[in-house]
S.K.: 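Here it is, the structure in full.
Side-chain atoms are counted along with the backbone in the values below, which use heavy atoms only and exclude waters and symmetry mates.
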Number of protein chains: 2
Amino acid sequence: MAKNPAGRPARAPRRTSGLSRDLIIRTAIGILDEGGESALTIRALTIRLSTGYGALYHHVADRNDLLTGATDEIITGVLSGTATDTDPRAALRALALGLFDAVEAHPWVGRELSREPWRPALLDFYEAVGRLLDALAVPEDALFDAAGTFMSFVLGAGAQSAANASHLAAATTDRDTFLGATAGRWSGLDPSKYPFVRATVTRLRAHDDREQFLAGVDIFLRGVAGDA
Amino acid sequence: MAKNPAGRPARAPRRTSGLSRDLIIRTAIGILDEGGESALTIRALTIRLSTGYGALYHHVADRNDLLTGATDEIITGVLSGTATDTDPRAALRALALGLFDAVEAHPWVGRELSREPWRPALLDFYEAVGRLLDALAVPEDALFDAAGTFMSFVLGAGAQSAANASHLAAATTDRDTFLGATAGRWSGLDPSKYPFVRATVTRLRAHDDREQFLAGVDIFLRGVAGDA
DNA sequence: ACCTGAACACCGTTCAAGT
DNA sequence: ACCTGAACACCGTTCAAGT
């Protein structure tokens, strides 16, 4: 149905409801969630929104704007859903876990944040972390290093977990098969050269990214403010 | 000089020295270092190697193979240059700093590692970390979480620092101007809403990524095995 | 076996033209 | 003001043809 028989170019029905940056970003998030970063093409967006290229470019600057806008939207959602007025340790755990879960749910966010860190939405996150560490009585001259370290760890763990999630999605197999294959590959390594990796294998099947992440948060908290 | 006047297609002089996967990867690293991931096009590679498309595809599978191969090469270099037979704490610091410096020197490596974690070369890194943590008398049931956390932090901090480095390269300005602009932007934030971010501003100009990274490593070491 | 380069099927983005 | 879609300048990859 690309052309009509009369030779006049076919014309898609004009949208009745107006386009908006918000609608475009939300649609982009849908495409990103389904197919990852590479699935977000301008063409795919025009089709899903049944509109033209120019219409999109009227509301967003370019594809990059689309990606940062989508990322901001996700991060903002994390913060608005997390209470920070409880015990500082609990609040830091909740904040970290909120970002971690968001990145697991939207694996493309992790890579986006490593491309464009210090987006406005992440600034709110950093601010909250800083205040909570201050409330934990972290000495002032250690506060900035501690906050930066916390951000690096949370984003790093999120990105890594997201990468696993992406590979999981790419492999059409389920999680156990994927981990099993990894374990199998690692088992094939020379035991004398890779004793630790091989010891990890026996744990891998029961491995829970989220639990390991929380264990990491606790290591950080102990390191930064004595025993958690 | 696309065509010669006689209408016969111009033909580039045939390479005298043979192509090899190794030469291709090394050339790719050069392009990546100069222009980042987007600069690595197959066309750019053929030009720099004065060869054709098919020649490249004869030695590497595709662009992805090029990227992972280049990343492996860098990571392998880090490990071969780091001694791990000293005091475990010192060795962990050296190992972490080696990866951090490599990512700073080759910013594209950080994003690549977040796309393809657990490359063989990183396995060696993980193995070394696990053994060193064991040598630090980290209890066995905490060893795997600790090693994973360490990896996440090192990769996360590296990626973040690399993102800064990329922006620094994109902005043709120097580091002080860039940090000054960021500080200026942050200073404009509502002081009652962002007290911590604003307090960070005064530190930002004197900020040293490498020092903050080492401070983070020490937080981790304290958290994982008592006072460092 | 190794290499060449035209050709193909995509991209993001622009812009004259429509309402 | 908002939208359409042909056109442009790129991509990565393939493959018949050369040596």
S.K.: Tell me the interatomic distance from A/Leu19, atom CG, to D/dT4, atom C1', rounded to whole angstroms.
M.R.: 12 Å
S.K.: With sequence neighbours excluded, what pairs up with A/Ala55 under the side chain to side chain contact (heavy atoms under 4.5 Å, CB included) test?
M.R.: A/Leu19, A/Thr51
S.K.: Taking for each residue the nucleotide of DNA chain C bearing the nearest heavy atom, is the 5' side occupied by B/Arg43 or by B/Ser20?
M.R.: B/Ser20
S.K.: Rounded to whole angstroms, how far apart are CG on A/Leu45 and C1' on D/dC3?
M.R.: 15 Å
S.K.: Considering residues at least two apart in sequence or located in another chain, which fulfil the side chain to side chain contact (heavy atoms under 4.5 Å, CB included) criterion with A/Ala44?
M.R.: A/Ile31, A/Thr41
S.K.: How close or far is atom C1' of D/dG5 from atom CD1 of A/Ile42, stated in whole angstroms?
M.R.: 15 Å
S.K.: Please identify which of these residues, A/Asp65, A/Leu45, A/Ile42, meets the side chain to side chain contact (heavy atoms under 4.5 Å, CB included) condition with A/Val60.
M.R.: A/Asp65
S.K.: How about B/Phe220 and B/Phe150: are their ring centres within less than 6.0 Å of each other?
M.R.: yes
S.K.: Do the rings of A/Phe213 and A/Phe153 sit parallel, tilted or perpendicular, given the 30° and 60° boundaries?
M.R.: parallel
S.K.: Give the minimum heavy-atom separation between B/Pro195 and A/Glu127, together with the two atoms involved.
M.R.: CD-OE2, 2.9 Å
S.K.: Measure centre to centre between the rings of B/Phe196 and A/Phe144, then say whether the value is under 6.0 Å.
M.R.: yes
S.K.: List in chain and number order the residues that pass side chain to side chain contact (heavy atoms under 4.5 Å, CB included) with B/Ala162, two or more places apart in sequence or in another chain; answer none if no residue qualifies.
M.R.: B/Val103, B/Pro107
S.K.: According to side chain to side chain contact (heavy atoms under 4.5 Å, CB included), who are the partners of B/Asp145, at least two apart in sequence or on a separate chain?
M.R.: A/Gln212, A/Ala215
S.K.: Run through DNA chain C and report every stem of 3 or more consecutive Watson-Crick or G-U pairs, distances under 3.5 Å, ordered by first number.
M.R.: C:4-8 with D:12-16, C:12-16 with D:4-8
S.K.: Which of these nucleotides, C/dG12, C/dT4, C/dC3, is closest to any side-chain atom of B/Thr51?
M.R.: C/dT4
S.K.: Taking only heavy atoms on the protein side, list every residue of residues 55-71 of chain A lying under 4.0 Å from any atom of DNA chain C, sorted numerically.
M.R.: A/Tyr57, A/Asp62, A/Arg63
S.K.: Find the distance A/Glu37:CD to C/dC11:C1' and express it as a whole number of Å.
M.R.: 13 Å
S.K.: Return the nearest nucleotide to the side chain of B/Thr41; candidates are C/dG12, C/dA6, D/dC11.
M.R.: D/dC11
S.K.: CD1 of B/Ile47 versus P of C/dG5: gap in Å, rounded?
M.R.: 12 Å
